[in-house]
Amino acid sequence: MTRQFDAIIVGAGQAGPPLARRLTGAGMNVALVERKFFGGTCVNTGCTPTKTLVASARALHVARRARDFGVTIEGSIGVDMRRVKARAERNVVSFREGVRRSLVENPRCTVLTGQAKFESRDTIRVGNELLSSERIFLNVGGRAFVPPLKGVEGVPFLTNTTMLQLDTVPRHLVVVGGSYVGLEFAQMYRRFGSEVTVIEKGPRLIGREDEDVSTAIKEILGGEGIAFRLEAECIAFSKASDGIQVHVDCATGDRTVMGTHVLLAVGRRSNTDDLGLDHAGVQVDARGNIPVDDELRTNVPGIWALGDCNGRGAFTHTAYNDFEIVAANLLDGDARRLSDRITAYALYIDPPLGRGGLTEAEARQSGKKLLVGTRPMSHVSRAIEKDETQGFMKIVVDAESKKIVGAAILGTGGDEVVHGILDVMYAGAPYTTLQRSVGIHPTVSELIPTVLGELTPLT
Ligand SMILES: Cc1cc2nc3c(=O)[nH]c(=O)nc-3n(C[C@H](O)[C@H](O)[C@H](O)COP(=O)(O)OP(=O)(O)OC[C@H]3O[C@@H](n4cnc5c(N)ncnc54)[C@H](O)[C@@H]3O)c2cc1C
């Protein structure tokens, strides 16, 4: 027998659970299907555990720097990885359980655990059960992409998921992939005490960022003793008696890197390949993402795709915003649109990179006249007082409209500071509004008006 619902949600990631709350609040009977952990990637293997580990690694780093602050610590400073891991697990379990409880305690929400698969346009199978609805919301997220690199199947590699099971410090961690996920793990494990080598096939780290940002990040991480192998073509793996040999045909340096552990951090893949999407006629693009329109509708009426699986964002806040857009359009008569969203994210190395809007390189492609303002963190009194002067800030402005088009704040508090700039961008106000604001001393944010007061034409 097929059970009928007003809506079916597949995936309890960052969009599914809040959507279930809103739909049931509007009187609908909703089925939510989750095949593994409530809370999805962010809660279980992404943001929550990694940012908890980043905090542990920072505590260790600050303790080691105690002398710089005139603080003496008797005895040696070490790390107890079991306790570090337990601390991360505590947060994961607490967040996961919070999501699960909010769903199972909702009387209008039927929670099913198992793999959901389309049988037809409006019917989904979960084990022996068939569920049907004219509204289906896909929030299936993604997983670590394992590239078909030579020898990869023959070595015990780690991903962001299995990294979290480590309760020892690897002697030499080789991170393949010099982008967001890889760099966060690289720095935290270097701080925990591993030798760390980052292998990146591009000519610089996080190639999506501006070159000055990439360079500064490399300096920060290199300063902590992380080694880099850039322009690493033909990456391949083989087992060695005391670890894993990673072969890199680089322009300079040795042709192999010997590690005890290898983390693959080379991107993500949407969980769209085992969903039976062809039975519903839902299109998937070449990257495995589900194309959506400005209201998150797929090509099939009555089926929406939210979060990472639509390829329009790769963050918790973008997945949550997808939920907000869908709920606003369906339930509130409020025409919120995907295209209203301004790109924003952070890279949680320490100090963090906070980003909003376009990079300088992207802004240049618009062909518009641009203004730019920059300031090194070494010229920010709060950063000097905290003895955290690495990094810089950069704001790019459209010279004609006077609107801010993008910002990069690499430095202490950068993930928070960028929000002041984002707020002005969302308000659609000219940069002069922010330039005339009076910030609190001593903060990093108080220097944003100064940066805006010293804009120069971008040549
Ligand atoms: C190491 C790491 C660190 C990160 N750090 C940050 C960060 O600091 N900030 C940030 O904003 N983002 C971060 N992210 C990204 C963030 O985790 C994701 O963007 C976010 O989780 C996407 O949410 P989602 O709802 O789209 O999907 P997910 O959270 O992946 O949830 C999808 C859910 O669907 C379930 N599912 C999939 N297929 C099926 C099926 N067929 N049937 C039933 N259930 C199914 C899955 O089990 C999963 O629970 C990080 C990611 C990683 C890997």
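Note that ligands are numbered from 1 as they come in the structure, with each ligand's atoms numbered from 1 the same way.
- Side chains of Asn91 and Thr48: a donor-acceptor N/O pair is absent below 3.5 angstrom, by distance only.
- Scanning the protein for heavy atoms near atom 32 (C) of ligand 1, the closest one is Asn139 O, 3.2 Å.
- Atom NZ of Lys386 has more than 12 heavy atoms from other residues, nucleotides or ligands within 6.0 Å.
- Side-chain polar atoms of Thr197 and His172 form a donor-acceptor pair below 3.5 angstrom.
- Within the 4.0 Å heavy-atom shell around ligand 1 one finds Thr45.
- Nearest heavy atom pair, residue Gln115 against residue Asp274, reads NE2-O, 2.7 Å.
- With a 4.0 Å heavy-atom cut-off, ligand 1 is reached by no atom of Phe38.
- Looking only at side-chain heavy atoms (C-beta outward), Leu410 and Gln390 stay at 4.5 Å or farther from each other.
- Remark: ligand 1 atoms within the under-4.0 Å shell around heavy atoms of Cys47 are 3 (C), 4 (C), 5 (N), 6 (C), 7 (C), 8 (O), 9 (N), 10 (C), 12 (N), 13 (C), 14 (N), 17 (O).
- Using a cutoff of 4.0 Å between basic side-chain nitrogens and carboxylate oxygens, Lys85 and Glu89 are scored as salt-bridged.
- Residue Asp274 places no N or O, backbone or side chain, under 3.5 Å from any N or O of ligand 1.
- Listed by number with element, the atoms of ligand 1 under 4.0 angstrom from any heavy atom of Gly40 are 29 (O), 31 (O), 48 (C), 49 (O).
- By the 4.0 Å heavy-atom criterion, Arg268 is counted among the residues contacting ligand 1.
- Proximity of Leu275 to ligand 1, defined as any heavy-atom pair under 4.0 Å, is confined to the side chain (atoms from C-beta onward).
- Atoms of ligand 1 found under 4.0 Å from any heavy atom of His317, numbered from 1 in the order shown, are 11 (O).
- For the pair Phe315 and ligand 1, the shortest N or O to N or O distance falls below 3.5 Å.
- At a heavy-atom distance under 4.0 Å, no atom of Cys309 approaches ligand 1.
- Close approach of ligand 1 to Gly114 is summarised as follows: ligand atoms under 4.0 Å from at least one heavy atom of the residue are 42 (N), 43 (C).
- Atom NZ of Lys36 sits about 8.5 Å away from atom CG of Asn44, to the nearest 0.5 Å.
- The atoms of ligand 1 that sit less than 4.0 Å from any heavy atom of Gly142 are 30 (O).
- Here Phe95 and Phe38 keep their ring centres 6.0 angstrom or further from each other.
- With a 4.0 Å cut-off on non-hydrogen atoms, Lys51 touches ligand 1 through its side chain and not its backbone.
- Inclusion of Tyr348 in the set of residues having an N or O under 3.5 Å from an N or O of ligand 1 is not warranted.
- Near Cys42, meaning under 4.0 Å from any of its heavy atoms, are these atoms of ligand 1: 17 (O), 21 (O), 29 (O).
- Rounding to the nearest 0.5 Å places CD1 of Ile409 at 12.0 Å from OG1 of Thr412.
- Once rounded to the nearest 0.5 Å, the distance linking CE of Met163 with CG of Asn160 reads 9.5 Å.
- Contact record, Leu331 with Ala26: CD2-CB, 3.9 Å, taken as the closest heavy-atom pair.
- Looking from atom 10 (C) of ligand 1 to the surrounding protein, the closest heavy atom is Thr316 N, 3.6 Å.
- Among protein heavy atoms, atom 29 (O) of ligand 1 sits closest to Thr41 N, 2.9 Å.
- Looking only at heavy atoms of the protein, atom 31 (O) of ligand 1 is closest to Gly13 CA, 3.2 Å.
- When only non-hydrogen protein atoms are considered, atom 44 (N) of ligand 1 lies nearest to Arg35 N, 3.2 Å.
- At a heavy-atom cutoff of 4.0 Å, ligand 1 is contacted by the side chain of Asn160 but not by its backbone.
- Residue Ala116 has at least one nitrogen or oxygen atom sitting less than 3.5 Å from a nitrogen or oxygen atom of ligand 1, judged on distance alone.
- Ring geometry for Phe315 against His317 counts as parallel: the plane angle stays under 30°, on a 0 to 90° scale with 60° as the upper cut.
- In terms of polar-atom proximity, defined here as any N/O pair under 3.5 Å, Val181 makes no such contact with ligand 1.
- Taking only non-hydrogen atoms, the option from Met163, Gln14, Glu34 nearest to atom 47 (O) of ligand 1 is Glu34.
- Atom numbering of ligand 1 starts at 1 in the shown order; those under 4.0 Å from a heavy atom of Gln115 are 41 (N), 42 (N).
- Inter-residue side-chain proximity for Leu103 and Asn106 is flagged as unmet; no heavy-atom pair is nearer than 4.5 Å.
- Close approach to Gly141 involves these atoms of ligand 1, each under 4.0 Å from a residue heavy atom: 26 (O), 27 (O), 28 (P), 30 (O), 32 (C).
- A cation-pi arrangement is present between Arg96 and Phe37 under the rule of less than 6.0 angstrom and at most 45 degrees off the ring axis.
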**Message:** Determine whether Asp322 and Asn310 satisfy the following criterion, side chain to side chain donor-acceptor pair (under 3.5 Å), listing intermediate values before the conclusion.
**Reply:** CA-CA 10 Å; Asp322 285 0; Asn310 63 31; 3.0 Å; yes
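- At a heavy-atom cutoff of 4.0 Å, ligand 1 is contacted by the side chain of Thr50 but not by its backbone.
- In this structure, CG on Leu347 lies 5.0 Å from CD1 on Ile217, to the nearest 0.5 angstrom.
- Scanning the protein heavy atoms around atom 26 (O) of ligand 1, the nearest turns out to be Asp308 N, 2.8 Å.
- The distance criterion of under 3.5 Å between nitrogen or oxygen atoms is not met by Asn271 with respect to ligand 1.
- Nearest to atom 2 (C) of ligand 1 among the protein's heavy atoms is Gly46 CA, 3.5 Å.
- Residue Phe192 comes nearest to Leu60 through the heavy atom pair CA-CD2, 3.7 Å, listed as atom of the first residue, atom of the second, then distance.
- In terms of protein heavy-atom proximity, atom 15 (C) of ligand 1 is nearest to Ala314 O, 3.4 Å.
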**Message:** Would Thr374 and Lys394 count as a side chain to side chain donor-acceptor pair (under 3.5 Å) here? Give the steps.
**Reply:** CA-CA 4 Å; Thr374 59; Lys394 173 165 74 170; over 6 Å; no
